Amino acid sequence: MPDTFLLAGKPFTSRLIIGTGKYRSFAEMQAAHAASGAEMVTVAVNRVPLDRATESFLDHLSPEMQILPNTAGCYDVEHAVRTARLAREALDTDWIKLEVIGDPVTLLPDNEQTLQAARILVKEGFIVLPYFSDDLIMAKKLLDAGCPAVMPLAAPIGSGLGVQNPANLKIMREQLPDATIIVDAGVGVPSDAAIAMELGADAILMNTAIAEAGDSASMATAMNFAVQAGRLAYLSGRMPKRLYASASSPIAGAIN
């Protein structure tokens, strides 16, 4: 049986969410999306002509994919809320990936303003998926605000550094066993994706690691496998770590 991933009541068979930015061509983006197996794609509202007056990646997305607009490029509550409302009208969806950036150099999120915006948007009927620093207390507040999932970063956006604070993600998983946790930002290679899933993430959102790869479609395939492998490893339960060796073939009872 497939390991179904439920988000806001909607089932997904893929735990990989993919992006649309930085691809060298629309054809390359389409090939990567198909290879990834992803069923959800995020779209930067502030970076696309929503009126469809000119060609954009919106014209090259599979109609079967769930569109997840995002508020990338927003630096305050007002801009983020306004962008979300625009996305709902233009793309006919209540889903929104909420980003409120706090610093233009690191692109780290402003958790306080993210929470404020989330509370406003939830009251307006949005399905809010907030991007925030990997902080347990903020995760609790965002869930209490009505967000169906939280999206802690693994590392700064587009850095490819991998999971920088595995303990934070592990604690978040242990303390919020029923929450949906989607790791967002910082994954660079398939092993990063596998590690995030092994720590208990429910899904991973990535863009740059695939889009900037030499062969985007091949990297998308690798990421797909890595997410599946990490998920299966988490469900299987890893062996305990030991300070000393433990023989694979014990000699107790062996013939001397």
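Side chains included, hydrogens not; waters and symmetry mates left out as well; all remaining heavy atoms used. Computed from a predicted structure; not experimentally measured.
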Shortest non-hydrogen contact from Ala145 to Arg119?
-> CB-CG, 3.8 Å
So among Arg85, Lys10, Arg88, which one has a salt bridge (Lys or Arg N to Asp or Glu O under 4.0 Å) with Asp94?
-> Arg88
Joint cluster assignment, Ile182 & Ile127, ILVMFWY side-chain distance < 4.5 Å = yes
Does Arg173 reach the main-chain N or O of Ala179 with its side chain, forming a donor-acceptor pair under 3.5 Å?
-> yes
Closest non-hydrogen contact found for Ser216 with Arg24 is OG-NH2, 3.5 Å
Tell me, do Gln164 and Asp134 make a side-chain contact under 4.5 Å, heavy atoms counted?
-> no
Considering only heavy atoms from C-beta outward, does the side chain of Ile18 approach that of Met65 to under 4.5 Å?
-> yes
Using a 4.5 Å cut-off on heavy atoms from C-beta on, say whether the side chain of Leu91 contacts that of Leu58.
-> yes
Determine whether more than 12 heavy atoms belonging to other residues, nucleotides or ligands lie under 6.0 Å from atom NZ of Lys170.
-> no
Checking side chain to side chain contact (heavy atoms under 4.5 Å, CB included) for the pair Leu136/Leu176: CA distance, chi angles, key distance, verdict?
-> CA-CA 9 Å; Leu136 172 65; Leu176 302 171; 3.9 Å; yes
Residue pair Pro11 / Gly9: nearest heavy atoms and the distance that separates them = CD-O, 3.7 Å
Compare all side-chain heavy atoms of Ser25 with those of Gln30 and state whether any distance is below 4.5 angstrom.
-> no
Taking every heavy atom of Ala149 against every heavy atom of Leu129, the minimum-distance pair comes out as CB-CD2, 3.9 Å
Could you state the interatomic distance from CE (Met219) to CD1 (Ile210), rounded to the nearest 0.5 Å?
-> 8.0 Å
Would a distance-only check, ignoring hydrogens and angles, find a side-chain to backbone donor-acceptor pair under 3.5 Å from Glu39 to Ser14?
-> yes
Given side chains that start at C-beta, do those of Pro152 and Met172 come closer than 4.5 Å, heavy atoms only?
-> yes
Would you find a donor on one side and an acceptor on the other, under 3.5 Å apart, between the side chain of Thr20 and the backbone of Thr42?
-> yes
Asp184 side-chain N/O to Tyr131 backbone N/O, donor-acceptor pair under 3.5 Å = no
Which heavy atom of Pro69 sits nearest a heavy atom of Ala87, and at what distance?
-> CB-CB, 3.7 Å
In terms of ring plane angle, is the pair Phe5 and Phe12 parallel, tilted or perpendicular, where the classes change at 30° and 60°?
-> tilted
Determine, step by step, whether Asn168 and Asp135 satisfy the side chain to side chain contact (heavy atoms under 4.5 Å, CB included) criterion, reporting the C-alpha distance in whole Å, the side-chain angles of both residues, the deciding distance to 0.1 Å, and the verdict.
-> CA-CA 7 Å; Asn168 286 5; Asp135 178 81; over 6 Å; no
Check for a donor-acceptor pair, side chain of Asp192 on one end and backbone N or O of Leu161 on the other, with a separation under 3.5 Å.
-> no
Joint hydrophobic cluster, Val183 plus Met151, side-chain heavy atoms closer than 4.5 Å | no
Please assess Asp3 against Gln228 for the test side chain to side chain contact (heavy atoms under 4.5 Å, CB included), listing each intermediate value before the final yes or no.
-> CA-CA 9 Å; Asp3 180 28; Gln228 294 182 55; over 6 Å; no
Kindly check if the number of other-residue, nucleotide or ligand heavy atoms within 6.0 Å of CG (Asp144) is above 12?
-> yes
With a 4.5 Å limit on heavy-atom distance, are the side chains of Thr114 and Met138 in contact?
-> no
Basic-acidic side-chain contact under 4.0 Å: Asp76, Arg82 | no
Check: Ile181 main-chain N/O paired with Asp202 side-chain donor or acceptor under 3.5 Å = yes
Connected via hydrophobic side-chain network under 4.5 Å: Val45 and Val41 | yes
Any donor and acceptor pair, going by atom type alone, linking the side chain of Asn207 with main-chain N or O of Gly21 inside 3.5 Å?
-> yes
For the residue pair Pro156 and Leu107, establish whether any side-chain heavy-atom pair is separated by less than 4.5 Å.
-> no
For the hydrophobic clusters of this structure (ILVMFWY residues joined by side-chain heavy atoms under 4.5 Å, transitively), does one cluster hold both Leu153 and Leu169?
-> no
Close side-chain approach of Thr83 and His79, heavy atoms under 4.5 Å | yes
Asp110 side chain vs Glu112 backbone, donor-acceptor pair below 3.5 Å = yes
Applying side chain to side chain contact (heavy atoms under 4.5 Å, CB included), run through Cys74 and Gln113 and close with a yes or a no.
-> CA-CA 11 Å; Cys74 294; Gln113 293 206 65; over 6 Å; no
Correct closest heavy-atom pair for Trp95 and Ile67 would be CB-O, 4.2 Å
Which value, rounded to the nearest 0.5 Å, describes the distance between Met29 atom CE and Leu61 atom CG?
-> 4.5 Å
Would you say Thr71's side chain and Glu99's backbone share a donor-acceptor pair under 3.5 angstrom?
-> yes
May I ask whether Leu7 and Leu98 are part of the same hydrophobic cluster, defined by side-chain heavy atoms of I, L, V, M, F, W, Y residues being less than 4.5 angstrom apart, directly or through others?
-> no
